[in-house]
Structure formats: structure tokens, C-alpha cells
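To start, the structure itself, in C-alpha cells.
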Amino acid sequence: MTDDRQDQSAARDPRAAIPPTPPAQDGERLTTAQGARVDDTDHSLTAGPRGPVLLEDHHLREKITHFDHERIPERVVHARGAAAHGVFRAYGNAATLTKAGFLADEGRETEVFVRFSTVLGSRGSADTVRDVRGFATKFYTAEGTFDLVGNNFPVFFIQDAVKFPDLIHAAKPHADREIPQAQTAHDTFWDFVSTHTEATHTVMWAMSDRAIPRSYRTMEGFGVHTFRLEAADGSTCLVKFHWKPVLGVHSLVWEEAQLAQGADPDFNRRDLADVIESGAYPQWELGLQVMPDDPSETFEGIDLLDPTKIVPEELCPVQRVGLLTLTANPSNFFAETEQVAFHVGHLVPGVQATNDPLMQGRMFSYLDTQLSRLGGPNFSQLPINRPHVPVNDLLRDGMHQSAIHEGIVTYVPNGLDDDRPTRSPEGAFVTYPTHIEGDKGRWHPASFEDHTTQARLFLVSLSPVERAHLRAAFAFELAKCADDGIREREVALLARVDGELAAAVAAELGLPAPAPADVPDVVPSPALSQRPAEPGRIDGRVVGVLATDGADLSAATSLADGLASEHVVVRVVADHGGSLDGSGHVGGDTLPVDRTIAATRSIEYDAVVVAAGVAGTALATDPRTAVLLQEAFRHGKAVAAVGDGAEVLAASGVELDTPGVLHVPDDASALVAPLRDALGLHRSWERLARLAGVVDAPAPGAPGERPGD
Ligand code: HDE
């Protein structure tokens, strides 16, 4: 070789040609995974036009093999989920509490990815089942990734992680037939919770409307465990994390949730994607309950390490420290929502774990589960899991390694590489040195033993309608248990929470009333009730307008105009697709149809309006119209009519002089304000109360409560 040729090959480093990111949809031409162009992907290589397929067909085998391996194991819990990207902006008022920059620095914006989920169902199960919802947030902070892996309940069924496999085995479908899917209404769940009394508080939440959220964006979120925050000056405090939805906390009613499981199993997932696409970005404020960090790790007698206990907001108010806004849908479900890997141990300087035994077990579980779910130890290299800061971790090799590390020094301290990468406490995650002393053993702390006080606290803090829903949920679920012993045991347990509740559930099940038991004294916490005192925001709510050819289509247009500023979606529901002819009316023209009566169901609407001119038409007499209106009425939704639309309501069994049923004589724009208020209250609570056979009232201690209620 001449010197000249040697110089050229040294200058041309072949490694520079390695693509920096994995190949994906590059170029215009179809290729194999090896980049060879493909001319025909529709026909296998065969011997003759009708002959056998040849083993030689590498393209066929590559394509089919890859397809065969497209699925990864679904999450053992929280398999069914939906997610979105967004940003978290800190208000700056947490600066005295924590040195974590994403919380402390006023105005600092941190990218996030949030995944919501149900817990029990398989990946393809329905969204609106009665279940806990996961609310997991990945903050890609400038100090490393912080995951807040929370739920929409502030408490959990068990107090010690060692019970988690037992709980989940009991709650998942029965091991013999794998039924029922995605629900708690079966023997093993109730057998477990009636024999593990520490579950009682969380079971109250699970039987309440909290377990069937209207939308992910109308759900609260909770970190559940107590965390320790550490400030720049070294001071610490104990905190509980809360997500407060800007749109308020709202739920479905049970019949509606059940209908949605069939009519639209993607109900919550669709809502999240639709509102983000429309620009009605979901928002939550992050809140902190801040408590002193003293060696007792209790607050007002509540053991802060017990994950079955809340700290009532009235005892320790939630301080709002930042705003989360979800602004973008994932562009690929698998790459992002399915492959995202959360971990309770992903902490950053300023946020620390505590000795809550449930949290301690989770510190182990989340890393372990990713190994089998994502196929090896390199899952943090997946795009959705990559920290948004430089990583230099000395971790090497392993299944699916996609980094090409350089050099031979893979350890510290070292002399060969100037002792790099450097280590120092400055800016590092340094575990806070709490003092620990004790005898090794499988302990049963006495402070974990009260299992009924907070269950009762939750119950008595609800409004009458919410309490009626909870009672009905117990009666529904226990009626699905085949074993008498389970039902009796649960009712006896309920008697220790509330005699009236236990007696009502027993009566509905046809069981004798349980023996009276002493119940704890509690002071209600109105913050636990979802019943709004006044109309809240209505962003992204959906109004269905029933109309047909010849009807006055201005009902749809004036509502759409009147509510557009709040991103309310108005959908025209008609007896045929295409568009409607409204030429018989002033200003009437044509209007596109969004839904046909054959392909819709009441669950798609937060309110339903019948346009003038529908009375007497085929749409008015279609039995599906009556079903739609009756369901909306029964579910406490606003139901309205313009002009003779009232006749359609009456003929469908909707009583016109009932709360939340609105009627204007002709001008549909007069409906805008009352409909807005009705939507803002979420439901007609008075109507729901009448249907449940109770008297509506705010929760005890809530604004608007009358003395003596
Ligand atoms: Fe989880 N949990 N969990 N969990 N959890 C998982 O991790 C576990 C618990 C929660 O959208 C798994 O990646 C144990 C409480 C959410 O990807 C697994 C215990 C809370 C998600 C796991 C708990 C949660 C998970 C399954 C008892 C609320 C979904 C797949 C000690 C504070 C995250 C995975 C996502 C997922 C274990 C209890 C929330 C197996 C052992 C309490 C939101 O690691």
C-alpha cells in the first residue's frame, strides 16, 4: 500500500456510517430489515403458479417471524392504559421545601409523559370497569427522571408489599376459567378483602363513584405513600402528592359505565385523545400536603407510613405547587404507551422514599417487572424511557444493547481514564440519613391496626347521592359472589363501618341484618365528596342534538357557537347519515350528521337536546330515540328541548318539570346559559337523588350545606 492510500483509509472512519438512530421508515422504497429493496410483498416465492412455498423465501420468513414476535408480555397489573405527553410548570412556592428544581424553580418547565390505566383488566379490556385507575407521571427533569407512579385513590388495599401477589391473584379473573374479566365482582376478590380487613378503607373507594371516572382528565391522582422532601438548606418535611384536575372530579353512573363497556370500550382512551387533538388540553395542579419530619413519622395521630390512611385535607391543606398540561398524543401506541417503564425508585435529588413497607416493596418490583416485560436490562435506552439529560452509567452490554460504548475502562475508581466518570455529592441523589434501629422480624405494627375509622370517614364525608351509589355498588358486587360465607363476612365487616349501610346491603342481598357493632367517631372531610357546589368548567363536554330533515337546525349551530369558547363538542344525531336539510326554517340550510341513531348510544353525550321540528317525524317515533333520551335522563344528564321537541321528551317518558330538564319555546340560543350551568354541575344531583330514593344535599361540611342536613 502506498502512503497515500493509507492516509485515505485512516481519514475515512467506517463507523461514521452507522446510523445514529435505529432505522425506521427511512427512504421512499420498501425494503427488507437489511435494507435490500423489495419488489413484491404480496406473493410468496412458490415453485410454479400454484406450487408449494419455498423455504428460500427470506422476505416471507422475515416478515412473518417479525409479526409473530410483535407482542410483548402485557403488564401484570395496569395492562390497559392510555397516555399523553405534556409539560409541568412549577409555581416556585415549593422552593423552601425541596431542592428538586422541577418543583422548586419558579416557571421551570419540565417535559412529562403520563400514562393512565385500569389495574385488573387485560390490555384489550374495557375502560369503564369498576376499578382503581393508575396515574403514572414521568418527569424528564434536568436532574434525571422522576416517576410519580400513583393512583386515583389516595389509599391502597394492603399495607405490606409481600401481600401484593396475593391481592392481585384474588382480584384477577378466576384461575380456572379466566372470568370475570377486569372486575372485582367475584368470589376471590371479596374473599380476600373480607379476610384482610386492612383493605376496608380502599374497598369503600372502590365501591364509590371514584372507581368509574367520567374521564381521565376529571380524576384526582395521588402518590399514596408519604415522601420525604429535602430542601437546599438540608431541612426536610414529609409530604403526600396530589393531582387536582382543573375540570373537577367527575364520574360516570354505574349503568352508564356498564353500557360503555359494550358501546365504546375505549371510552376514556378516546376522550383523552380527542380532547388533546381538539386543543382542550387536560390540566392538573400538583399539590402537596406538607407535614413535619419528626421521628414519629405521624401526623395528628395518623401513621404516615400506613398506605391505607389519608391525611384529611381539612387537617393539612393541599398546597398547589405547579401545573401539568397534557398537550400531545403519542404518535405510536406501542413505542410510547406500551414501552414506557415507570419506577418508584426513579427519584431525583430533593425527593426521597420513606419506610412505608408498600413503597419499599415497590422499590424492588418495578425494575424487576421491566426485565420480563421489555426483554432485558436496557429498556431505559428506549426513546420514551430515555432521560432528557446526559447519561454516563457504566452499565454495559445486555440484551438489546443499542449504544456503542467506547474504551476499556468500565469501572471506577480507575487510573486508566483519569478516574472518570467523576463522582461527588454536589447535585447528586444522596440518600437522606434517617436513623434506623430495631430488631429484625416480621412485625405487625400496632399503628397499622385500625382498619375501620377511615373507611367510615370516607363514607360519612359523601353526599347522600354518592352514598346511595356506594351502597348500590356493594349490593351489586356481593350479589355476584356465589359463596354465602363471603357475603355474610363482608356485611359483618361493614357493620363495623356503618350499621345503616350494612343493614341496607344485607337487605338487598336477602341476608339477615348483621349484629350491631360499635362504629368509630369521625369528623367528615368534605374534600372527599365529588358533588360540586357550583358549576365548574365544561371543556370538551359533548352535547348531542337530535335533528332530522325539516327540523330547525339552528339548535345545533347556536349551541355550537355559544359553547365553542369552552371546547364543547356539539354532535348532530339523525336518522340517516350524510347531511340534513333544514331549508324549511329561517336561516336553515344543511348540516352534516355526526352520528346516526343506529350507531350511537347515550353514553356518548353529557347532554342531549331535541331540536324543534323533530316531533311527529320518523326519528321521534324510532324506539332508539326513546332509549337514548331515557338513558340520558336516568343517568342524571341535562336533557333539553326546543319548541315541540318537548313532545318527543314527554313521549319518551322524560318528565318535563324535573330538575335538569330544560325547555325553551323557540330560540335555541336561550338554551346556551342554562345548558352550560347544567353541564358545569356534571349531573342533576336532585334527579339522581330522586332516582336513588334519597334526598339530595351537599356532603356534610361542604359549602352550601344547610344546618341540620
Ligand atoms: Fe404498582 N405495579 N405495585 N402500584 N403500579 C406496576 O409495574 C406493584 C401500587 C401503579 O402505567 C407494575 O411496570 C407492587 C400502588 C401504576 O406503566 C409492577 C405493589 C400504586 C402502575 C407493580 C404495587 C401502584 C403500576 C406492573 C405493592 C399507587 C402502572 C407493570 C407493593 C401508588 C404504571 C409495571 C404504568 C404498575 C408492582 C402497588 C401504581 C408489577 C409490588 C400502591 C400506576 O411492578
[atom1] of [X] to [atom2] of [Y]: how many Å apart, nearest 0.5 Å?
{"X": "Leu259", "Y": "Thr128", "atom1": "CG", "atom2": "OG1", "answer": "9.0 Å"}
{"X": "Gln181", "Y": "Leu120", "atom1": "CD", "atom2": "CG", "answer": "9.0 Å"}
{"X": "Glu70", "Y": "Thr65", "atom1": "CD", "atom2": "OG1", "answer": "11.5 Å"}
{"X": "Phe156", "Y": "Phe164", "atom1": "CZ", "atom2": "CZ", "answer": "4.5 Å"}
{"X": "Ser331", "Y": "Glu336", "atom1": "OG", "atom2": "CD", "answer": "4.5 Å"}
{"X": "Gln454", "Y": "Asp306", "atom1": "CD", "atom2": "CG", "answer": "8.0 Å"}

Any residue meeting side-chain contact (heavy atoms from CB on, under 4.5 Å) with Gln258, in chain and number order, not counting sequence neighbours
Trp254, Gln261, Phe476

Please list, chain by chain and in numerical order, all residues satisfying side-chain hydrogen bond (donor to acceptor under 3.5 Å, both in side chains) with Ser447, sequence neighbours excluded.
Asp303

Under a 3.5 Å distance rule, please check whether [X] uses its side chain to pair with a backbone N or O of [Y] as donor and acceptor.
{"X": "Thr369", "Y": "Tyr366", "answer": "no"}
{"X": "Ser194", "Y": "Asp191", "answer": "yes"}
{"X": "His85", "Y": "Ala328", "answer": "no"}
{"X": "Thr236", "Y": "Asp293", "answer": "no"}
{"X": "Asp419", "Y": "Val412", "answer": "no"}
{"X": "Asp483", "Y": "Asp187", "answer": "no"}
{"X": "Asp57", "Y": "Ser44", "answer": "no"}
{"X": "Gln289", "Y": "Val311", "answer": "yes"}
{"X": "His58", "Y": "Leu55", "answer": "no"}
{"X": "Arg80", "Y": "Arg123", "answer": "yes"}

Look at the aromatic rings of Phe135 and Trp284 and report parallel, tilted or perpendicular, splitting at 30° and 60°.
perpendicular

Please tell me if the side chains of [X] and [Y] come closer than 4.5 Å, counting only heavy atoms from C-beta onward.
{"X": "Leu358", "Y": "Ile158", "answer": "yes"}
{"X": "Phe139", "Y": "Val348", "answer": "no"}
{"X": "Thr98", "Y": "Val239", "answer": "no"}

Grab the two heavy atoms, one from [X] and one from [Y], that are nearest each other, plus how far apart they are.
{"X": "Leu272", "Y": "Phe116", "result": "CD2-CD1, 3.9 Å"}
{"X": "Glu477", "Y": "Trp190", "result": "OE1-NE1, 3.2 Å"}
{"X": "Pro282", "Y": "Arg217", "result": "CB-CB, 3.6 Å"}
{"X": "Ala84", "Y": "Ile276", "result": "CB-CD1, 3.5 Å"}
{"X": "Pro387", "Y": "Ser380", "result": "CD-O, 4.2 Å"}
{"X": "Val430", "Y": "Glu230", "result": "O-OE1, 4.3 Å"}

Stepwise side-chain contact (heavy atoms from CB on, under 4.5 Å) check, Phe222 with Ile310
CA-CA 10 Å; Phe222 303 91; Ile310 61 162; over 6 Å; no

Sequence neighbours left out, cut at 3.5 Å: what donor-acceptor pairs do the side chains of residues 140-155 make with other protein atoms?
| residue | atom | partner | partner atom | Å |
| --- | --- | --- | --- | --- |
| Tyr140 | OH | Ile384 | O | 2.7 |
| Thr141 | OG1 | Glu143 | N | 2.9 |
| Thr141 | OG1 | Gly144 | N | 3.4 |
| Thr141 | OG1 | Gly144 | O | 2.5 |
| Glu143 | OE2 | Arg108 | NH2 | 3.4 |
| Asp147 | OD1 | Lys138 | NZ | 3.2 |
| Asp147 | OD2 | Lys138 | NZ | 3.1 |
| Asp147 | OD2 | His343 | N | 2.8 |
| Asp147 | OD2 | His346 | ND1 | 2.7 |
| Asn152 | OD1 | Arg133 | N | 2.9 |
| Asn152 | ND2 | Arg210 | O | 3.0 |

Run the ring-centre check on Trp205 versus Phe157 and record whether the distance is less than 6.0 Å.
no

Can you see whether [X] engages [Y] through a side-chain donor-acceptor pair at a distance of less than 3.5 angstrom?
{"X": "Arg362", "Y": "His225", "answer": "yes"}
{"X": "His250", "Y": "Thr218", "answer": "no"}
{"X": "Ser251", "Y": "Asp209", "answer": "no"}
{"X": "Ser402", "Y": "Gln381", "answer": "yes"}

In this structure, are over 12 heavy atoms from other groups packed under 6.0 Å from [X] atom [atom1]?
{"X": "Met399", "atom1": "CE", "answer": "no"}
{"X": "Phe67", "atom1": "CZ", "answer": "no"}
{"X": "Phe333", "atom1": "CZ", "answer": "yes"}
{"X": "Arg423", "atom1": "CZ", "answer": "yes"}
{"X": "Arg89", "atom1": "CZ", "answer": "no"}
{"X": "Ile404", "atom1": "CD1", "answer": "no"}

Do [Y] and [X] meet the salt-bridge criterion of a basic N to acidic O distance under 4.0 Å?
{"X": "Arg75", "Y": "Glu338", "result": "yes"}
{"X": "Lys163", "Y": "Asp166", "result": "yes"}
{"X": "Arg228", "Y": "Glu297", "result": "yes"}
{"X": "Asp271", "Y": "Arg214", "result": "yes"}

Worked check of side-chain hydrogen bond (donor to acceptor under 3.5 Å, both in side chains) between His186 and Thr188
CA-CA 6 Å; His186 59 98; Thr188 51; 3.2 Å; yes

